[in-house]
Structure formats: C-alpha cells, structure tokens
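Below, each value reflects all heavy atoms present in this structure, side chains not excepted, and no hydrogens, waters or symmetry copies. Being a predicted model, the structure only gives us computed values, none of them experimental.
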Amino acid sequence: MMLLTGWGRTAPTRATVARPRTAEEAAALVAKAGRRGVVARGLGRAYGDAAQNAGGLVLDCTALEPSWRVDSTGLVTASAGVSLHDLMTALVPRGWFVPVTPGTRYVTVGGAVAADVHGKNHHVDSSFGAHLRSLRLLTADGSVRTLEPGDDLFWATVGGMGLTGVIVEATFQCVPIETAWMRVDVERTRDLDQTLETMAATDDGHRYTVAWIDLLARGGRMGRGVLTRGDHAAPGDLPARARGNPLAFAPRPLLSAPPWAPGGLLNRATVRAFNAAWYGKAPATPRRIAQGVAPFFHPLDGVDGWNRMYGPRGFVQYQFVVPLGAEDTLRRVVERLSGAGVVSFLTVLKRFGAGTPGMLSFPMPGWTLALDIPAGQSGLAAMLTEFDGWVAAAGGRLYLAKDSRMSATTMAATYLRLGEWREIRRRADPDGVFVSDLARRLRLC
C-alpha cells in the first residue's frame, strides 16, 4: 500500500502498487484487480489524479520490459516504461530526436501516449500521437492487441489517460538531427497584444516556439513576455568548444530542491523579483544564441524535485486551450489574473496547430496558456471555476494530464467526443476494470 499523488502534490490517495516486469505479469495482475479496478502509472508527472486509484490497484510500469530499438530511418519501438530521458540520452548521440517532448524528459513512453503530450513544436508537428505508427495494448480480457491508426481503439487510447488498457509498447518516428544544440532567437515583448501578434506572425518560421508571460505586470505592461523560438542547430551554429563532439548529450540535474520547503516560499514578492530579473535579462530586439537541448526544452529538469519548492500544500497546474479567434477569452483570463495579483511561478503561452484524431486529446488549433499556482491562494478555486466557464463558452477545454479540479459538467461540455470515446472503451472494457481517481471525479467511465 502506498500514498500516491500527482506532480502537484495536492490530493493524495492510497492504493496497492505492483511493479510488473512483463506483459504476462501485468495481465495476471489485471485479472485479479478487485472492485476498485486498476490503472497504469509511469513516472508520476501527471499533475493531478490521473495515475491514482484510491482503494484499488496501480501498476507501476517503469520496470515493464525496459527495452527499445531504432532502425536506420529513425523508427523507434520502445517499451511503455522507458522514459524520454533514457531514450534521448541514447538517441541524441546517434543523431535522432524524439518527435515531441513536453516540458520534462521524465515521462514514460506510455505516459506520452496516454496523455498525447505536446511540446513547443505543436504548431508544426502536432502532438505525440501524430507520430505513432502502432502500439501494443493489454486489454481487460488479458490479451495484448497491436493497434494502428486505422483502429478506433488506437485513437481512444491516444489521449485516453490509461483508461482503455495498459500500454505495453509503442512505435514512433523520430527526427534526424546533426547536433545536440538549438539555434534560438530570443526577444521580449511589451504586452500581451505584441506577444500574440509576434507569435502569430513568426511562429511558422521556427519548429519550436514558446512565450513566458509575466502575470504580475499590470496596466500597459500586462502580458509582457519573453519569446523563445528555436530550431535544431547545424554544426556551424555551435560555439567552438562544442564542435568537436556536436552530438554529446548527457544531461543531469544541477541542483536539488530541499526535501521539505516551507509554505509561501514562492510568494508575490519572490515571484515579482524573479519576473523582473527574467524579463530584464531578455533582449529588447531579437538576438540569436546557441543553447543546449536540455536547457531549451527542459529547464526545470535541472532542479531535481522542483515541485517541492511550492511547499507542503503543493500547487495547481491550470492549462487551457481556446480556438483561434477566441483571443478575447485569453486576454480576459490574463487581465483577471494580473488584476488579482495571482502568483504563478511559470506561465507559458503556446500556439497550437492541428490536433490528432484522439477523442480525449487536448490540443486543437488555438492558444494554450499554462499556469503553476501555489495551492491555497485566497479565492483561487472560485476564480478557476469561473475561467472554466469562459473557456467552455469559447469552445476550448482543459488538459486532463494537468487537471486536478475540473468538474464532470465542464468535462462533458468541452470534450465533445466523450460519448464516442465511452462507447469504444465500453466495448474494450465492458466490466470497467480500468479506472482512476480522475475517471471517477469526471465520471468518464
């Protein structure tokens, strides 16, 4: 028995945890799951309760047949328990890069499929599911099925948050690279309007793009940001010290958060000081730099256990998307947060391109804003519930892999293919064996 939480550390629940090493062991455990059912878990980087199952069984899949292989075209087949960190450590020196990476390398392949993760390149390359060629899924009857994009269960599984079965293996196409570096253009923007205008005008000229937003800036500076756009660097882009071994890649945490941090460490004063320093450091006009893959894609991975810095109450990650043309809703959210002085240590804006056919996949063409907010801020729950209504009215939705507090009503109003997903899941799991705390909270199953 273990007490489990998501990365936000806000809603612990207790479950029986098992660590299968093979698909056969996993199948035997699924067959013996009790009335509270079973859900798979990777490295625990879902922010909310997606990989928790109160009173039931949780399969820790990080030891599940840890193997991978790559062919001469960059087609990778990997066990679901392999982390993107381990894959990248092996693939980058061979001249290959994963097709999509979220803001951390410490997610498993199975988790990347189950959440249909997105990254800084969604406007060009869509999400992880767009690059999948096949996957192997352990279903409720104990069989392991090989699924391809023509199967409806395939797209119910991509973004399906582990509720269709246990992902055992996935095959996906990687991207060729010449170096382990990025060619990066950095500039700061004066306000939200300039941030949106610049991203819309220049995003398509770069494979990767993201904007950091200062939520504590007010008045004419509201929504000011630092815009970062990048592409994989060629050898000639590198500093002289890196040209001898341009594919060298062995990232590791540089710091470690203390095992216990007091509540309130990230408060309005400390975050305001950080925001001012970060914004002031950025150039007023575009400047090109060379940056390593790890600091460009995964800056927070440089601090081991960074989620502990939010204190014992944890934090809420709130991420939504609204369609193109609904910029007024995005602006309204930023105005409200800025006016209320809400503390968000990391506020990230991206522009999405085309989504995948996954019924519960999050991305759609539009704008997505992600906030990290310390739990317990006065009025936060009511404010986020109000935002839910604005997002739903605009035709947007919230990200299930980040969610810890959305209502079932909001879920049903924003994921319009939920009924189709439920029917496919019912056929694959008629007895409702696969379940999670998130599934119960949102009445998915």
According to the ring-ring contact (aromatic ring centres under 6.0 Å, His included) rule, which pairs have a member within residues 225-254, sequence neighbours left out? Phe97-His232, Tyr208-His232
Treating Glu327 as the side-chain partner and Gly325 as the backbone partner, does any N or O pair qualify as donor plus acceptor under 3.5 Å? yes
Do Thr5 and Gln52 meet the criterion of a side-chain donor-acceptor pair at a distance under 3.5 Å? no
Strictly distance-based, threshold 3.5 Å: is any side-chain N or O of Ser338 a donor or acceptor partner for the main-chain N or O of Ala217? yes
If you round to the nearest 0.5 Å, how far is CE of Met359 from CZ of Arg417? 5.0 Å
Say whether Arg19 and Thr62, considering side chains only, have a donor N or O and an acceptor N or O under 3.5 Å apart. yes
Output yes when a side-chain donor or acceptor of Asp116 lies under 3.5 Å from a complementary backbone atom of Gly129, and no otherwise. yes
Are any of the side-chain nitrogens in Asp231 or Arg207 under 4.0 Å away from the carboxylate oxygens of its partner? no
Test your reading of the model: is there a side-chain donor-acceptor pair from Arg425 to the backbone of Leu163, 3.5 Å cut-off? yes
Non-hydrogen side-chain atoms of Phe172 and Val100 separated by less than 4.5 Å: no
I'd like to know whether CZ of Arg313 has more than 12 heavy-atom contacts from other residues, nucleotides or ligands below 6.0 angstrom. no
Checking side-chain polar atoms at under 3.5 Å, does Ser436 have a donor or acceptor matched by the opposite partner on Asp49? no
Using 0.5 Å steps for rounding, measure from the CG atom of Leu330 to the CH2 atom of Trp367. 8.0 Å
Can you tell if the side chain of Val334 reaches within under 4.5 Å of the side chain of Leu215, non-hydrogen atoms only? yes
Given the rule in the side chain to side chain contact (heavy atoms under 4.5 Å, CB included) test, do Val166 and Cys61 qualify, once you have shown the distances and angles that lead to the verdict? CA-CA 9 Å; Val166 179; Cys61 292; 4.0 Å; yes
Within 6.0 Å of CZ in Arg145, more than 12 heavy atoms from elsewhere: no
Check ion pair Arg405-Asp388 (N to O, under 4.0 angstrom): yes
Can a donor-acceptor pair be found, under 3.5 Å and without considering hydrogens, that links the side chain of Glu148 to the backbone of Phe154? no
List the steps and the verdict of side chain to side chain contact (heavy atoms under 4.5 Å, CB included) for Val293 and Met88. CA-CA 10 Å; Val293 159; Met88 291 172 68; 4.0 Å; yes
Val210 side chain near Leu349 side chain, heavy-atom distance below 4.5 Å: no
Ring centers of His118, Phe352 separated by less than 6.0 Å: yes
Between CG of Leu227 and NE2 of His206, what distance do you get to the nearest 0.5 Å? 8.5 Å
Heavy-atom side-chain contact between Leu337 and Leu371 under 4.5 Å: yes
If we ignore hydrogens and angles and just use 3.5 Å, is the side chain of Asp125 paired with the main-chain N or O of His122 as donor and acceptor? no
Salt-bridge criterion met for Arg272 and Asp214 (N-O under 4.0 Å): no
Regarding Asp86 and Thr89, is there a side-chain donor-to-acceptor distance under 3.5 Å anywhere? no
Would Arg45 and Thr104 count as having a side-chain donor-acceptor pair, cut-off 3.5 Å? yes
Can you find a side-chain donor-acceptor pair between Trp181 and Gln291 that sits under 3.5 Å? no
Measure the acute angle between the ring planes of Tyr318 and Phe387, then classify it against the limits of 30° and 60° as parallel, tilted or perpendicular. tilted
Check: Pro99 main-chain N/O paired with Asn121 side-chain donor or acceptor under 3.5 Å: yes
Once you measure the plane-to-plane angle for Trp7 and Trp306, does it fall in the parallel (<30°), tilted (30-60°) or perpendicular (>60°) bin? perpendicular
Tell me, do Met309 and Pro258 make a side-chain contact under 4.5 Å, heavy atoms counted? yes
pair Ile213-Val348: side-chain heavy atoms closer than 4.5 Å: no
Interatomic distance, CG@Asn275 vs CZ@Arg268, rounded to 0.5 Å, equals 12.5 Å
Do Phe315 and Tyr47 have ring centres separated by under 6.0 Å? yes
First locate atom CZ of Arg397, then atom CE of Met411, and finally report the distance between them rounded to the nearest 0.5 Å. 9.0 Å
Exercise: do Thr108 and Ser83 side chains pair donor with acceptor under 3.5 Å: no
Using a 4.5 Å cut-off on heavy atoms from C-beta on, say whether the side chain of Val342 contacts that of Met383. yes
Here the salt bridge (charged side-chain N to carboxylate O under 4.0 Å, His left out) pairs for residues 334-345, sequence neighbours left out, are Arg336-Glu386
With a 3.5 Å distance limit and no angle check, can you tell me whether Asp191 reaches the backbone of Met222 through a side-chain donor-acceptor pair? no
Please say whether the positively charged group of Arg308, taken as NZ for Lys or CZ for Arg, lies over the ring of Trp260, i.e. under 6.0 angstrom from the six-membered ring centre and within 45 degrees of the axis. no
Donor-acceptor contact present, side-chain Trp96 to main-chain Ile177, <3.5 Å: no
Is there a donor-acceptor pair under 3.5 Å between the side chain of Arg21 and the backbone N or O of Ala63? no
Run through Thr179, Asp237, Leu238 and flag the one making a side-chain contact (heavy atoms from CB on, under 4.5 Å) with Arg243. Leu238
Taking atom types as modelled, is there a side-chain donor on Thr209 or Arg351 under 3.5 Å from an acceptor on the other? no
Residues two or more places apart in sequence or in another chain: which of them pass salt bridge (Lys or Arg N to Asp or Glu O under 4.0 Å) with Asp193? Arg331
Between OG on residue Ser127 and CE on residue Met364, distance to nearest 0.5 Å: 12.0 Å
What's the verdict on side-chain hydrogen bond (donor to acceptor under 3.5 Å, both in side chains) for Thr164 and Thr157, showing C-alpha distance, side-chain angles and the deciding distance? CA-CA 6 Å; Thr164 60; Thr157 300; 2.8 Å; yes
Do Arg224 and Tyr279 make a side-chain contact, defined as non-hydrogen atoms from C-beta onward lying under 4.5 Å apart? yes
Under 4.0 Å between a Lys/Arg side-chain N and an Asp/Glu carboxylate O for Asp185 and Arg229? no
